[in-house]
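When reading the values below, keep in mind they use all heavy atoms of this one structure, side chains included, and skip hydrogens, waters and symmetry mates. Note that this is a predicted model, so its numbers are computed, not measured. Below, chain A is the first sequence line, B the second, and so on; all start at residue 1.
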Amino acid sequence: MIPSDTAQGLAHRPWAVFFVCPDRRGSEGSIGRGRPALRIALVIDDADRDRPNGVKIMSALLRSLEPLVTTLRAEGCTVVGPRERDGAIVLDAIDSAAQLPSGWGVQTGPGVYRLRRRADRAVFGHSAGPQAWKRFLHPPRERLWSADRGVDGTLTITGPDEEPPRYAFLGVRACDLRAIAIQDRVLGASPSYAARRRAAFLVAVNCTEPSATCFCVSAGAGPDVEAVETRPDRAPADWALADLALTELAEPGDAEPLYVATALSPAGGRILARLPQTPAPPDVVAAARAAVGAATDHMGRSLPDVDLREMLAASLDSPHWADVAARCLTCANCTMVCPTCFCTSVTDTTDLSGDHAERWQTWASCFEVDFSYLHGGSVRTSARSRYRQWLTHKLGTWRDQFGESGCVGCGRCIAWCPAGIDITAEVRALTSQGAER
Amino acid sequence: MSGSVAAVAKPSVVRPSLAVWKFASCDGCQLTLLDCEDELLALAETVHIAYFLEATSTVVDGPYDVSLVEGSITTEEDRERIVRVREQSRILVTVGACATAGGIQALRNLADIEEFRPRAPRIWTEERARNERATREDRASGARGPCERTRAQEFLRVVYARPEYVSALGTSTPISAHVRVDYELRGCPIDRRQLLDLLSALLAGRRPAIPAYSVCEECKLRGTTCVLVARGAPCLGPVTQAGCGAICPVYDRGCFGCFGPMPGANTAALEPVLLARGMTDVDIERVYRTFNAATSTFDTAAGRSHEPPQ
């Protein structure tokens, strides 16, 4: 069945290619039992040719996320989503939408993160959690290979796991989607990263409630998922950035929020087609757009509107670096929570017998003294030089290296810095000092 | 990727000898070695345990390939003994906060062991005032006896039946203050996995993995939510060297710094963070005056809490 308004719309567009998404497993009937089982139309028209994959899918209204979780699990995916644990919203495997943090919000500030109860039952009403999706695509510890010496002295080398995990990420905000795009550019050539990334199914979520530490708008990375997804400077890759986009509409008193769903990739279209849904009424779509639009105006913070690369390049000798170094713990929390920081170090291990060796890649940080260890010692021994390295790379020389900024404005480095150092305030101070000089 | 490459024969060498030494300490770090139950047999096959009184009374004379040294130097005899241990050891590794920093017993460095006159303000000031007040009252009432003893004698008498037999140095110092140390494993007690990695590394001739970064990184690698940011718990993780696997935050409490300061630890920046999370300046002094009290970084941090704000 095709929504009639869609069919009518197409009648006026003879150039449009129109087809109904095939139901791969014929399971639609079972998922949609008792509800109007609607299939979704994939429309390719002139307006859509600008999109990376040339596919556009009409908005659908979902009344529950459970069928989505069930369907993705049936596809063999490990579904990873937000969960409430240890006083925070962490990212972890879920096997039911009931495990999502229903009605939990957060309050963030420099060095502060607290859970709070929301008036509604929103499951995506939180931001700047302690983890980013890089934890799964670029894991903190990864065995690169292991070697075993047999009794006859033969060495057997085993590489990383052949089968990458198939993740489905549920609830990737625009800032984090942008961060994944940035890591795609940095790490895309790594076979293990590419394998995990290619296999991953991303359900993005438009942000309707930024927190006090958010500044994605000034970082050019949100809050609208589609704006991020269609950025022209995305690194070329043979995978879609995201597959589905959701906008959550939660009202106090509602048992469950409503979700306006849009497919962003053919795979997303196939999954969406299998979910029980109704066409999203225009007023609901308008409300969803308005909520995302309102989020744009509610950023808690912003980066100054200057060419940060130029400003930082001219600020290398600024006295402000000593000022921030006095407050910086060099504990590396900012780099660990940053969704784009990608540095690693490599460690070899052996067992007592000496017959088994392993090489591990582990997250590392430019705040470690040993990070810059060259022959004879470390290059960046002072906190001043290490903070400066991090900030100038993140916002300045990242552009020289990768053609874009390394910051998405998610605010994690502000919230999870024990000393509450605020990257936007530091940049502002450097900017104004530069202007005075 | 999986495949075989040219056969590499396992080098056949004489089993290296291992000695485990105890100085002023609680034996907890030696016990960590005995605690490696799954690996002990493999270890005994790989190395020749030549001197380890905690495990066996059989003693083989040196020299030794590797010496693990637990404990701090607190007596004149130990000052001489550690020199002889060093002379007999190809590689000397200090294990635990006593050996690497002087341990909890280095609190004596803050006082005069004979007079036990407090040098550190706050912690003992009240107690001392109380003691002096009691002494004055007792004197006024014409009493004699315990109240007139010096506090050191009091302390010694509480612990030892014949305190006059006790002969100790006025300080507790780390092994590195007396002899050259090749590697050190921090902690109170040491971490079992770090010990096994160190021994495996020495056997394989590779560098042991002894990270110099903060405990925070271990929390983040494990995926442990920061107790300081998310719960407001005072935590020394940002200034403490990693190696423990962030065991305290994993159990939902702040790090108390038993691995000692990481290189470049900025305790001055942590002080306002701890004060904002409910610690008083006395709390801050106490939290730094534990197993690594004698390290200059933690000693400075403890003393700083009494300086009037600038």
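Nearest heavy atoms, B:V273 versus A:A419: CG2-CA, 3.8 Å. Between B:A269 and A:R327, the shortest heavy-atom distance links the atoms CB-O, 3.4 Å. Listed here is the closest heavy atom pair of B:N266 and A:L329: O-CD2, 3.5 Å. Heavy-atom minimum distance, B:E217 versus A:S365: OE2-CB, 3.8 Å.
Residue A:T335: no heavy atom, backbone or side chain, is found under 4.5 Å from chain B. If you measure heavy-atom distances from A:A325 to chain B, the contacts under 4.5 Å come from the backbone alone. Contact annotation for A:A147: neither backbone nor side-chain heavy atoms come within less than 4.5 Å of a heavy atom of chain B.
For the atom pair CG (A:L352) and CG (B:D38), the distance works out to 11.5 Å, reported to the nearest 0.5 Å. Note that CH2 of A:W416 is 10.5 Å distant from SG of B:C219, once rounded to the nearest 0.5 Å. Summarising the geometry, atom CG belonging to A:D351 is positioned 11.0 Å from atom CG belonging to B:D197; distances are rounded to the nearest 0.5 Å.
Residue-level contacts of residues 200-215 of chain B with chain A, in order of numbering, are B:S200, B:A201, B:L203, B:A204, B:R206, B:A209, B:A212, B:Y213, B:S214; threshold 4.5 Å between heavy atoms. Interface residues of residues 220-232 of chain B toward chain A, defined by a heavy-atom distance below 4.5 Å and sorted by number: B:K220, B:L221, B:R222, B:G223, B:T225, B:C226, B:L228, B:V229, B:A230, B:R231, B:G232.
Across B:P272, B:A265, B:C216, the residue that shares the most heavy-atom pairs under 4.5 angstrom with chain A is B:C216. Ranked by heavy-atom pairs under 4.5 Å with chain B, the first of A:R114, A:R85, A:Q131 is A:R114. Per-residue counts of heavy-atom pairs under 4.5 Å with chain B were compared for A:P418, A:A364, A:G129, A:P140; the largest is that of A:P418. Options A:A332, A:A326, A:P130 differ in how many heavy-atom pairs under 4.5 Å they form with chain B, and the most are formed by A:A326. Comparing A:T347, A:V337, A:V112, A:D148 by heavy-atom pairs within less than 4.5 Å of chain B, the highest count is held by A:V112.
Annotation: side chain of B:M262 is in contact with side chain of A:T330 (closest heavy-atom distance under 4.5 Å).
Counting heavy-atom neighbours within 6.0 Å of B:L41 CG, excluding the residue itself, gives a total of 12 or less. Summarising the local packing, CD1 of B:I247 is surrounded by 12 or fewer heavy atoms from other residues, nucleotides or ligands at distances under 6.0 Å.
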